[in-house]
Q: 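Dumping the structure here so I can ask a few things about it.
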Amino acid sequence: NCKMQVISFGKAGRVDRAWKVFRKMQQQGWDPDNITLTSLINAFCKARRTDDALKFFEEMEGKGYHFSAPTYNALILGLGNEKRLDQACSIFESMYKRGCIPGVDSFNSLLTALKQNGKATDAVKFFERMRKEGLSPNLYTYNILIEVLGKAGFEEELNEVRENMLRDGYNGSLITYNIVINGLCKTERIDDALNLLQEMRLKGYSPDCHTHSSLIWGLCRANRIDDACKLFYEVATAGEVPNVVVYSSLLNALSKAGKFDEAEKLFEQMVTKGFTLDVVAFNTMIGCLGKGGKIDKAYKLFQVMQEKGCEPDKVTYTSLVVSLNKVGRVTEAC
RNA sequence: GACCCUAGUCAUA
């Protein structure tokens with residue numbers, strides 16, 4: 001029925017469709033429940049349309065609806081994602097006054113917002129505060145903290161958090177490994193990351209696409225392009241199916257290393273295998289072609305992506321303009 | 001049936 005449609009359109013990122021269905025349903029005198037409303041609010045937030053979400057939230061609150069934690073969490077995350085940390089904090093603090101006392105999930109949402117804005121110190125403060133409020137951090141909490149502290153290079157705090165985590169009985173998960181591996185890759189410690197890859201295997205975890213794309217990125221950054229290719233083919237032959245992100249990571253690595261022909265071959269392979277290419281995959285290949293001097297081919301791919309229903313974004317245009325300028329075709333760029 | 005944790009692309013990256 002209509003409610004299911006709102007939820008599934010929302011989940012699929014088709015916010016406008018969800019919104020239309022919702023309005024129609026409302027006009028027919030339907031009284032939506034919290035779950036439907038939150039699905040919509042969440043869909044707006046995920047589409048980086050948090051202002052629409054807030055407007056809708058306030059409108060519904062004015063009509064007497066009162067919301068529960070998931071609604072606030074969605075808003076906190078949306079605001080954090082749009083770098084509107086102050087507002088994210090305000091919403092969080094307002095929960096107390098609105099009679100919805102933040103639980104672990106809401107603290108986790110706020111910690112995620114802090115993490116996305118690199119606020120490691122504040123994250124630690126809120127972590128302490130949640131304990132003071134009688135809440136027990138869960139694995140999500142620890143994973144978020146590990147990421148933000150790792151990226152900020154807060155080594156002592158990291159160790160403290162790790163101890164807390166173990167004391168609370170959490171040994172980490174595949175996602176924990178992925179977070180740490182990615183952090184090591186991003187901070188130029190690829191060998192430590194590769195050691196962790198071995199360790200996680202020994203512990204019985206199966207590295208997944210997140211693990212592999214992080215490592216390929218790290219190897220590329222360390223100028224170890226051959227190792228990146230090796231890793232890619234190893235996992236492919238080990239029966240693990242690389243997804244479009246893993247392919248794009250290697251594509252990017254090849255492009256950065258100036259291996260343009262191999263990059264084109266890999267891209268062809270992606271097409272042949274029937275992957276649904278997303279905007280990042282197209283952007284990577286367009287950038288690669290431009291870098292390799294094949295401007296016309298890059299432009300052609302720009303047209304192909306649109307034919308395939310993939311909307312170019314800011315990065316697409318910047319790449320094309322930069323490539324055109326490099327060969328002096330400034331007018332075309334305009 | 002709604003909410004909380006991880007990966008890839010541009011402007012000498």
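Proteins come first, then strands; the chains are lettered A, B, ... in the order of their sequence lines, and each starts at number 1. Predicted, not measured: the structure shown is a model, and the values here were computed from it.
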Q: Do any side-chain nitrogens or oxygens of A/Lys46 fall under 4.0 Å of OP1 or OP2 in B/rC4?
A: yes
Q: Under 4.5 Å side-chain heavy-atom separation, chaining through any Ile, Leu, Val, Met, Phe, Trp or Tyr, what else clusters with A/Val327? Say none if it is isolated.
A: A/Ile295, A/Leu324
Q: A/Asn243 CG to B/rU6 C1': how many Å, rounded?
A: 13 Å
Q: Where along residues 101-119 of chain A does a heavy atom come under 4.0 Å from RNA chain B, residue by residue in number order?
A: A/Asp105, A/Asn108, A/Ser109, A/Thr112, A/Lys115
Q: Under the rule for side-chain hydrogen bond (donor to acceptor under 3.5 Å, both in side chains), what residues qualify as partners of A/Asn178, not counting sequence neighbours?
A: A/Asp208, A/Thr211
Q: Not counting sequence neighbours, which residues clear salt bridge (Lys or Arg N to Asp or Glu O under 4.0 Å) with A/Lys186? List them please.
A: none
Q: Hey, is A/Lys125 close enough to A/Asp122 for a salt bridge, meaning N to O under 4.0 Å?
A: yes
Q: To the nearest Å, how far apart are A/Asn178 CG and B/rA7 C1'?
A: 8 Å
Q: May I ask you to list the residues of residues 187-198 of chain A, by number, that have any heavy atom positioned under 4.0 Å from an atom of RNA chain B?
A: none
Q: Treat primed atoms plus P, OP1 and OP2 as sugar-phosphate and everything else as base, then score nucleotides 8-13 of chain B 5' to 3': B for base contact with protein heavy atoms under 4.0 Å, S for sugar-phosphate contact only, - for none.
A: BBBS-S
Q: Could you pull out all donor-acceptor pairs under 3.5 Å where a side-chain atom in residues 13-27 of chain A meets a protein atom, sequence neighbours excluded?
A:
residue : atom : partner : partner atom : Å
A/Asp16 : OD1  : A/Arg49 : NH1          : 3.2
A/Arg23 : NH1  : A/Gln26 : OE1          : 2.4

Q: With a non-hydrogen cut-off below 4.0 angstrom, is A/Ile175 in contact with a base, only sugar-phosphate, or nothing?
A: base
Q: Specify the separation, in whole Å, of atom CG of A/Leu174 and atom C1' of B/rC5.
A: 12 Å
Q: Return no unless some side-chain N or O of A/Asn42 is found under 4.0 Å from OP1 or OP2 of B/rC3.
A: yes
Q: Which whole-number value in Å describes the distance from A/Met130 CE to B/rC4 P?
A: 16 Å
Q: Between B/rU6 and B/rC10, how many Å separate the two C1' atoms, rounded to a whole number?
A: 24 Å
Q: Determine which pairs satisfy salt bridge (Lys or Arg N to Asp or Glu O under 4.0 Å) with at least one residue from residues 131-140 of chain A, sequence neighbours left out, and list them in order.
A: A/Arg129-A/Glu133, A/Arg131-A/Asp168
Q: A/Phe260: which other cluster members, linking ILVMFWY side chains closer than 4.5 Å, directly or transitively?
A: none
Q: What residues form a side chain to side chain contact (heavy atoms under 4.5 Å, CB included) with A/Ala222, not counting sequence neighbours?
A: A/Ile190, A/Arg224
Q: Look at all strands and tell whether A/Asp208 reaches a base, only sugar-phosphate, or nothing, counting heavy atoms closer than 4.0 Å.
A: nothing
Q: Tell me yes or no: between the side chains of A/Thr176 and A/Ser173, is some donor less than 3.5 Å from an acceptor?
A: yes
Q: Which atoms form the tightest heavy-atom contact between A/Met200 and A/Pro207, and what is the distance?
A: CE-CA, 3.9 Å
Q: A/Leu135 CG to B/rC4 P: how many Å, rounded?
A: 18 Å
Q: For A/Ile35, which fellow cluster members are found when Ile, Leu, Val, Met, Phe, Trp and Tyr are connected by side-chain heavy-atom distances below 4.5 angstrom, either directly or through intermediates?
A: A/Ile7
Q: Do A/Ile216 and A/Val180 sit in the same hydrophobic cluster, where Ile, Leu, Val, Met, Phe, Trp and Tyr count as joined when their side-chain heavy atoms come under 4.5 Å apart?
A: yes
Q: Less than 5.5 Å between centroids and less than 30° between ring planes, does A/Tyr140 satisfy that with B/rC5?
A: yes
Q: Quiz question: by atom type and distance under 3.5 Å, do the side chains of A/Arg162 and A/Asn159 form a donor-acceptor pair?
A: no
Q: Using the ring pair (Phe, Tyr, Trp, His ring centres under 6.0 Å) rule, pick out the option among A/Phe57, A/Phe107, A/Tyr96 that qualifies with A/Tyr72.
A: A/Phe57
Q: Where along residues 66-77 of chain A does a heavy atom come under 4.0 Å from RNA chain B, residue by residue in number order?
A: A/Ser68, A/Pro70, A/Asn73, A/Ala74, A/Leu77
Q: Which whole number of Å gives the distance between the C1' atom of B/rA13 and that of B/rU9?
A: 11 Å
